[in-house]
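Residues take their numbers from the sequence shown, with the count starting at 1.
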Amino acid sequence: VQLQASGGGMVLAGGSLRLSCAVSGGTFSSYDMAWFRHAPGQEREFVSLSRRDFGGTYYADSVKGRFTISRDNAKNTVYLQMNSLKPADTAVYYCATRTGGRTILSELKQNRAYDYWGQGTQVTVSS
C-alpha cells in the first residue's frame, strides 16, 4: 500500500486549502483513512478520520467545524478540506491508513494504529 499526499501550501489566516491523499494497493473502501499533523516542537497529532465501509467521520476538537474529511472510493483518494485556517494549523500533514481488523475509535486516533503513511505535505498559515 502506498500513499501520496498533495495540496499543501502557504495561505493567510482565514484562507482555505484542500489536501489530497491518493492510495494505491489493496481495497481502498476497506481502509480506515486518517490525517495527522506534526508541528515543530510538538508530537504528531490526530486531525481527522474516515472510517472504513461508511463508518463515519471524526475530528480533533481543534479543527471541528473548520475541516472536512471526505473520500472518493472510485478514485482511491481521501481529502481534507481546511477552511478558516489559523497560524496554529501550520504543520506537516500526513495521511495514514491501516489494513488490520476493526478497532475502537480511541485507538484510531493514535499514531500506532496505522501501518502506512504518506510522505507529508507542508501547510503554512501566516497571520
What I'd like to find out is whether the side chain of R98 reaches to under 4.5 Å of the side chain of R52, using heavy atoms alone. yes

Decide whether L108 and Y116 are clustered together by the hydrophobic rule: side chain heavy atoms of Ile, Leu, Val, Met, Phe, Trp, Tyr closer than 4.5 Å, transitively. no

Would W117 and F36 count as a ring-ring contact (aromatic ring centres under 6.0 Å, His included) here? Give the steps. CA-CA 10 Å; W117 294 81; F36 287 77; 5.2 Å; yes

After noting the C-alpha distance and the side-chain angles of R71 and S50, does the key distance pass the side-chain hydrogen bond (donor to acceptor under 3.5 Å, both in side chains) rule? CA-CA 8 Å; R71 63 195 295 163; S50 172; 3.2 Å; yes

What distance do T90 atom OG1 and M10 atom CE have between them, rounded to the nearest 0.5 Å? 8.5 Å

Is it true that, when you exclude Q2 itself, more than 12 heavy atoms of the residues, nucleotides or ligands shown sit nearer than 6.0 Å to its CD? no

For a 4.5 angstrom cut-off between non-hydrogen side-chain atoms, does L12 reach V125? no

Minimum heavy-atom separation for S127 and A13, please, with both atom names. CA-CB, 4.3 Å

Could you check V23 against Q4 for side-chain contact (heavy atoms from CB on, under 4.5 Å), going step by step and ending with a plain yes or no? CA-CA 7 Å; V23 180; Q4 180 70 42; over 6 Å; no

To the nearest 0.5 Å, atom OH of Y79 lies from atom CG of D72 at 5.0 Å

Do V47 and L17 share a hydrophobic cluster, counting only Ile, Leu, Val, Met, Phe, Trp and Tyr and linking them when any side-chain heavy atoms are less than 4.5 Å apart? yes

Working for side-chain hydrogen bond (donor to acceptor under 3.5 Å, both in side chains), residues N73 and S29: CA-CA 6 Å; N73 288 340; S29 62; 5.0 Å; no

Can you tell if the side chain of L49 reaches within under 4.5 Å of the side chain of D32, non-hydrogen atoms only? yes

Under 4.5 Å between side-chain heavy atoms, hopping through other hydrophobics if needed: is there a path connecting I69 to M82? yes

Where do S20 and W35 come nearest, in terms of heavy atoms and distance? O-CH2, 3.7 Å

Donor-acceptor check, side chain of T121 to backbone of G8, threshold 3.5 angstrom: yes or no? yes

Taking a hydrophobic cluster as the set of Ile, Leu, Val, Met, Phe, Trp and Tyr residues connected by side-chain heavy atoms closer than 4.5 Å, whether directly or through intermediates, do F28 and L3 fall within one such cluster? yes

Say you draw a straight line from CG of N76 to OG of S24; how long is it, rounded to the nearest 0.5 Å? 8.5 Å

Run the side chain to side chain donor-acceptor pair (under 3.5 Å) test against Y31 and tell me which residues pass, sequence neighbours left out. none

Would you compute the distance between atom OG1 of T57 and atom CZ of F67 and round it to the nearest 0.5 angstrom? 14.0 Å

All heavy atoms of T103 vs all of R51, minimum pair found to be O-NH2, 2.6 Å

Quick one: does S48's side chain have a donor or acceptor within less than 3.5 Å of a partner on Y58's backbone? yes

Salt bridge K86-D89, side-chain N to carboxylate O under 4.0 Å: no

In terms of hydrophobic clustering (I, L, V, M, F, W, Y; side-chain heavy atoms under 4.5 Å; direct or indirect links), are V11 and Y93 co-clustered? yes

Going from CZ on R66 to OH on Y59, what distance comes out if it is rounded to the nearest 0.5 angstrom? 12.0 Å

For a quick test of reading the model, state the closest non-hydrogen atom pair linking A5 to C95 and the distance between them. CB-SG, 4.0 Å

Under a 3.5 Å distance rule, please check whether D115 uses its side chain to pair with a backbone N or O of T99 as donor and acceptor. yes

Under the criterion side chain to side chain donor-acceptor pair (under 3.5 Å), which of E45, H38, E43, R44 is the partner of N111? R44

Give a yes or no answer on whether the side chain of R37 reaches the backbone of V92 with a donor-acceptor pair at less than 3.5 Å. no

The reported gap from OG in S62 to NZ in K64 (rounded to nearest 0.5 angstrom) is 9.5 Å

Is there a side-chain contact between Q81 and S70 (heavy atoms, below 4.5 Å)? no

